[in-house]
Amino acid sequence: EHWGLPGGALSRSFSSRSLPAWTICERLGMPAAVLGWPGVADAGIAPQAQASAPWPTLVPLAAADPRFEAVHAFGADLLAAADEDAGRAAAAVRHLEEAVVGGRPIALFLGLEGLEAVSKRTFGAYSAVHLEGRQKTDAIAASAALEGYYAYADDLLEELWLRLPEPRLVMVVSPYGIREASGLRRAANLLSRDRRFAGVASGAPDGLFLLRGSGVRPGFLNRIGLADVVPTLLYALGFPAAQDFDGRAVTEAFDPEFLRRNPLTFVPSYETMRPLRVAAPPLAGAPALP
């Protein structure tokens with residue numbers, strides 16, 4: 001899908017060949033809310049029902065945030081990305097509060113795309129300053145914008161984490177990393193004021209998988225793939241994996257007591273499963289499946 005032209009891919013397709021994780025959760029009786037996911041309309045759960053309902057209007061918050069001065073100085077488009085992330089995070093907090101009042105567990109899928117936008121504008125500067133030792137003023141400012149956005153995104157995640165009731169679980173998944181441009185692309189970027197510090201996704205390092213919450217053991221994991229995310233999420237919520245999944249539940253991410261209380265179980269497939277009419281179990285509970 002990539003033609004190797006300046007600016008990256010010509011198209012961005014999100015066609016799915018299987019059920020997304022939020023649909024599986026809903027079929028198992030756990031309400032799921034989706035915000036900021038590429039190719040999916042923002043939707044939440046109505047206060048008294050499991051049917052999807054529109055989210056409230058997102059309110060820009062980042063413009064007044066003093067922790068975000070470096071991004072303020074770098075460009076209005078990056079500030080817009082921050083506003084969008086902050087607005088979705090604020091809507092997520094409001095919905096979490098509604099779920100807590102209602103006393104029911106939910107699965108919240110939140111896409112925060114601001115970090116990708118900032119990285120693709122500034123990672124070349126970060127690499128030049130911290131890896132190549134360059135000390136030009138404009139490169140330092142662009143690098144500070146990326147560092148500031150990491151801190152800002154971390155603050156948003158912390159706010160969501162603190163709002164989650166026990167037992168709670170958070171997954172942070174980045175499907176790929178960003179690297180500095182090289183060769184002809186780097187030369188072309190230097191001719192553009194907006195892209196002189198651009199980062200690229202092609203040939204970049206692997207992404208990131210972070211897991212924290214009830215039953216999760218501290219430490220590092222190896223050999224984790226994107227296909228493992230959904231089986232691991234379902235296992236952490238107390239649901240079976242499907243035998244037709246490409247990935248596996250990463251059971252080594254959980255402590256021995258959690259593993260003892262939650263044996264790994266399977267269903268043939270979620271693709272043909274009819275939605276349950278029962279409420280979802282508490283986090284890491286044992287769901288009653290037909």
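Excluded from the calculations below are hydrogen atoms, water molecules and symmetry mates; all remaining heavy atoms, backbone and side chain alike, are included.
Considering OG of Ser18 and CG of Asp244, their distance stands at 8.5 Å, rounded to 0.5 Å. The distance from the CE atom of Met171 to the CG atom of Leu210 is 10.5 Å, given to the nearest 0.5 Å. Once rounded to the nearest 0.5 Å, the distance linking CG of Leu160 with CG of Asp155 reads 11.0 Å. Rounding to the nearest 0.5 Å places SG of Cys25 at 10.5 Å from CD1 of Ile106. Distance check: Leu108 CG to Leu164 CG gives 8.0 Å after rounding to the nearest 0.5 Å.
Taking every heavy atom of both residues into account, Tyr270 and Ala241 meet most closely at CE1-C, 4.3 Å. The minimum heavy-atom distance between Trp161 and Arg168, with the atom names listed, is O-NH1, 2.9 Å. Counting all heavy atoms, side chain and backbone alike, Phe245 lies closest to Pro231 at CD1-CG, 3.6 Å. For the pair Ala145 and Val118, the tightest heavy-atom approach, listed with the atom from each and the gap, is O-CG1, 4.1 Å. In plain terms, the two heavy atoms of Ser269 and Ala242 that are nearest each other are CA-CB, 4.1 Å. The heavy-atom pair separating Leu264 from Ala249 by the smallest distance is CD1-CB, 4.0 Å.
Under a hydrophobic clustering in which Ile, Leu, Val, Met, Phe, Trp and Tyr are joined whenever their side-chain heavy atoms come within less than 4.5 Å, directly or via other members, Leu146 and Val129 fall into different clusters. Leu211 and Phe239 fall within a single hydrophobic cluster, where Ile, Leu, Val, Met, Phe, Trp and Tyr are joined by side-chain heavy atoms under 4.5 Å apart, directly or via other members. In the hydrophobic clustering of ILVMFWY residues, with side-chain heavy atoms under 4.5 Å counting as a link, Val230 and Leu169 come out together.
In this structure, the side chain of Arg88 does not engage the main chain of Leu110 through any donor-acceptor pair within 3.5 Å. Not a single donor-acceptor pair under 3.5 Å links the side chain of Ser143 to the backbone N or O of Ala139. Counting only distance, with no hydrogens or angles, the side chain of Asn262 and the backbone of Gly238 share no donor-acceptor pair below 3.5 Å. A side-chain donor-acceptor contact under 3.5 Å links Arg27 to the backbone of Glu271. At least one donor-acceptor pair under 3.5 Å links the side chain of Thr232 to the backbone N or O of Asp228. With hydrogens and angles ignored, the 3.5 Å screen pairs no side-chain donor or acceptor of Thr23 with any backbone N or O of Leu19.
Between Arg179 and Pro205, the closest side-chain pair of non-hydrogen atoms falls below 4.5 Å. Residues Asp85 and Tyr149 have side chains in contact (heavy-atom distance under 4.5 Å, counting atoms from C-beta outward). Here the side chains of Ile224 and Leu221 are in contact, with some heavy-atom distance below 4.5 Å. Residues Thr251 and Leu259 have side chains in contact (heavy-atom distance under 4.5 Å, counting atoms from C-beta outward). A 4.5 Å side-chain heavy-atom check between Pro31 and Glu26 finds every atom pair outside the cut-off. Side chains of Phe109 and Trp37 form a contact here, defined as non-hydrogen atoms less than 4.5 Å apart. Residues Met30 and Leu237 form a side-chain contact, since some pair of their non-hydrogen atoms from C-beta on lies under 4.5 Å apart. Put simply, the side chain of Asp255 does not reach to within 4.5 Å of the side chain of Val216, judged on heavy atoms.
In this pair, Phe258 and Tyr235 present their aromatic rings perpendicular. The plane angle is above 60°, beyond the 30 to 60° band.
Counting only residues at least two apart or on different chains, no salt bridge (charged side-chain N to carboxylate O under 4.0 Å, His left out) pair has a member in residues 204-217.
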List the steps and the verdict of ring pair (Phe, Tyr, Trp, His ring centres under 6.0 Å) for Phe209 and Phe220. CA-CA 10 Å; Phe209 179 84; Phe220 294 92; over 10 Å; no
Start with the C-alpha distance between Glu116 and Tyr176, add both sets of side-chain angles, then the distance that settles side chain to side chain donor-acceptor pair (under 3.5 Å), and finish with yes or no. CA-CA 10 Å; Glu116 180 184 33; Tyr176 53 84; 2.2 Å; yes
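For Tyr126 and Tyr150, the ring centers are positioned 6.0 Å apart or more.
Environment of CG in Asp154: crowded, with over 12 heavy atoms of neighbouring residues, nucleotides or ligands closer than 6.0 Å.
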